Each structure stands twice: as structure tokens, then as C-alpha cells.
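Quick note: numbers below take in every heavy atom, side chains included, and nothing from hydrogens, waters or symmetry partners. What you are looking at is a predicted structure, and each value in this text was computed from that prediction instead of being measured. Quick note: residue numbers are just sequence positions, from 1.
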Amino acid sequence: MTHAMLKGSNVPVEAAAVRAVVCWSPSPEVSVVDASALLLGADGRVRSDDDFVFYNQPRHPSGTVWSLGKRRLGSSMRDSIQADLARVDAEVERVLLVASAEGLPFEGVRDLRLLLLDAAAGENAEPYASFDIRPETGAETALICGELYRRGGEWKFRALGEGYSNGLIGLATDFGITVDESAAPAPAPAAEPAPVPAPAPVPAYGYPPPPAAPPAPYGYPRQPVPDPYSHPQQEPESGLPLMGPQFLR
């Protein structure tokens, strides 16, 4: 039976390993939502940056929490995180399940939902819990969808839906992740102005213009033939003239 969760409600988790699935209906405004996880100690913070599982670090070093990646199922998109709860470090008290849509508010994300499944069950198994997420303001760009937490030696799941308007970076730094600002790409250098070609010489009044330079003798270098698609055309090493349409790009 699927437990339909309300914000703040919780249920015990009996499975040894679970799969948390973030679901949404893609639209022209929001096509990608990312699922991630943070492993927190008793102080409510990560022990190190390794405790952040996301698209650039898809597997925890312990091998107990990892990303399964995105897939489409019918008209819905899914991004999943799997957690082997029976093997998670004893120091880890909570595993936050997060969704983010960088630079885009969640008011534009349709049918946002978190499903919790027994990882040992098949792909089409009935979810253990389902939580329809409704952002409070709509301006959020990252959401804590829910959390897996220990209580009395057992695991439970709580539905949360808590939002951040400063994206995944803002959420992660709140829990102790170090963000390297120096890793931001440097602005591209300004393009240099194109050189202005010198004007063609004007012949003296009453005299014809000078004749064009004769073509280079056969077998000597010459000016390349302009490419019809505006790309520079390479000269064959032999120096032989280009012939036929097979040289066109």
C-alpha cells in the first residue's frame, strides 16, 4: 500500500535499501530537474564535501548512496537516488533528498512528486510512499523534498518540501558544503576589432589600372580558392590545383 504523505508527516521504512524518485512533467520552461542527496551527522551538517551526492559527484565514497540518473516514463521525467540504508555509516543520522532546477523557479515545474520505493522491488512496483510537492512561494530553485532519518535504531521517512531561492549551492552551503568560488569561469576577453582593409590604389587620371598579377607557375604555391561555406580551405600538400566538386564542403 502506498502512503500518501502530507508535509511534515512521517512513516517507518522497513526496506533495507530504498530508491527515492523525483518526478515531474517537462515543459518548455523547465525541462530538467536534478535529484541529489546530503548525508548529515548528528550536528545536522555534512562531515565533508564527500557527503554531497549530486550530478558532479554521483556516488558517495562509501558506496551506500548514489545517483541512478534520469529517465523518461511516459510523459513524466524521473531522476533517482538510491540509498542502502542497512550499510549507511553509523555516524550518518539523516539523508536529505533534494530537487533543484538551477536558475528556474519551481512555480514552473509541473506535477512535482517524490516517490519512495523498495530498491529490491521491480521498476513497476507500487511506491512505498508518495509526496506531491507544492512550493510555498513558487520562487524556490531548490527544495528539500524529504529526509530519511534514524529513530531508535530504525529508519523513517519524513515529507518536507522546504525551499531555497538561491539554488542548490545555497542549500548545500547551509549544511556545510564548501563551494569553490574560484572555480567559476572567467569572463571571455573582449573580441578585437577586425582590421580595416586599406583602400585600393586609385590609378592616375587618364591611365588604365595596372594589370593583375599573372598566375603562379604550375606547381608553385598560390592563393587558396575561397570556400563557398566561408571556412578556410586547406591546400593539398602537392600544391596541385583543386579540381572538381569533391573539394567542396
Side-chain angles (χ1 to χ4, degrees), residues 1-27 30-40 51-90 92-101 106 109-135 142-163 168 171:
M1 181 186 70
T2 300
H3 296 270
M5 308 292 292
L6 299 175
K7 187 172 181 177
S9 62
N10 63 79
V11 292
V13 177
E14 299 173 357
V18 295
R19 187 165 62 250
V21 185
V22 175
C23 310
W24 74 98
S25 295
S27 66
V30 181
S31 59
V32 175
V33 174
D34 296 305
S36 53
L38 290 121
L39 286 69
L40 309 182
D51 285 341
F52 187 19
V53 176
F54 68 122
Y55 45 80
N56 281 344
Q57 185 170 268
R59 191 175 188 88
H60 191 267
S62 67
T64 58
V65 180
W66 65 96
S67 170
L68 294 174
K70 295 179 177 63
R71 65 185 299 268
R72 179 182 286 274
L73 187 63
S75 61
S76 174
M77 285 294 297
R78 299 181 167 206
D79 197 7
S80 304
I81 297 287
Q82 185 156 319
D84 189 347
L85 300 178
R87 295 176 51 241
V88 168
D89 237 345
V92 175
E93 293 286 335
R94 300 157 62 199
V95 178
L96 298 187
L97 304 170
V98 174
S100 60
F106 269 99
V109 180
R110 301 182 304 187
D111 307 321
L112 185 63
R113 173 181 297 177
L114 180 69
L115 303 177
L116 193 70
L117 300 94
D118 185 340
E123 184 68 30
N124 298 320
E126 184 180 12
Y128 183 72
S130 174
F131 176 39
D132 291 332
I133 306 167
R134 295 179 178 83
L143 289 165
I144 303 174
C145 302
E147 64 176 359
L148 298 160
Y149 66 98
R150 297 184 195 263
R151 185 70 77 234
E154 303 293 333
W155 285 95
K156 291 189 172 185
F157 169 73
R158 179 182 290 119
L160 292 175
E162 297 175 358
L168 187 59
L171 187 155

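Put simply, the side chain of Trp24 does not reach to within 4.5 Å of the side chain of Asp111, judged on heavy atoms.
Minimum interatomic distance between Gly161 and Lys7 (heavy atoms only, all atoms of both residues): O-NZ, 3.6 Å. The two atoms that bring Ala35 and Val22 nearest to each other are CB-CG2, 3.9 Å, heavy atoms only. Smallest separation of non-hydrogen atoms from Arg19 and Ala121: NH2-O, 4.2 Å. When all heavy atoms are compared, the tightest approach of Trp155 to Glu93 is CZ3-O, 4.2 Å.
In this structure, the side chain of Ser9 engages the main chain of Leu6 through a donor-acceptor pair within 3.5 Å.
Within a 6.0 Å sphere centred on CZ of Arg72, heavy atoms belonging to other residues, nucleotides or ligands number more than 12. Crowding of Glu154 atom CD: a count of heavy atoms from other residues, nucleotides or ligands under 6.0 Å not exceeding 12. For CZ of Arg59, the number of neighbouring non-hydrogen atoms (other residues, nucleotides, ligands) closer than 6.0 Å is greater than 12.
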Let me check something: any side-chain donor-acceptor pairs from residues 81-90 under 3.5 Å, sequence neighbours excluded? List them with distances.
| from | atom 1 | to | atom 2 | distance (Å) |
| --- | --- | --- | --- | --- |
| Asp84 | OD2 | Arg87 | NH1 | 3.2 |
| Asp89 | OD2 | Arg47 | NH1 | 3.0 |

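With rounding to the nearest 0.5 angstrom, the CZ atom of Arg113 is 9.0 Å from the CZ atom of Arg78. Atoms CG and CZ, on Leu168 and Phe54 in that order, are 7.0 Å from each other to the nearest 0.5 Å.
With sequence neighbours left out, the side-chain contact (heavy atoms from CB on, under 4.5 Å) criterion links Asp34 to Val32, Tyr55, Lys70, Asp79, Ser100.
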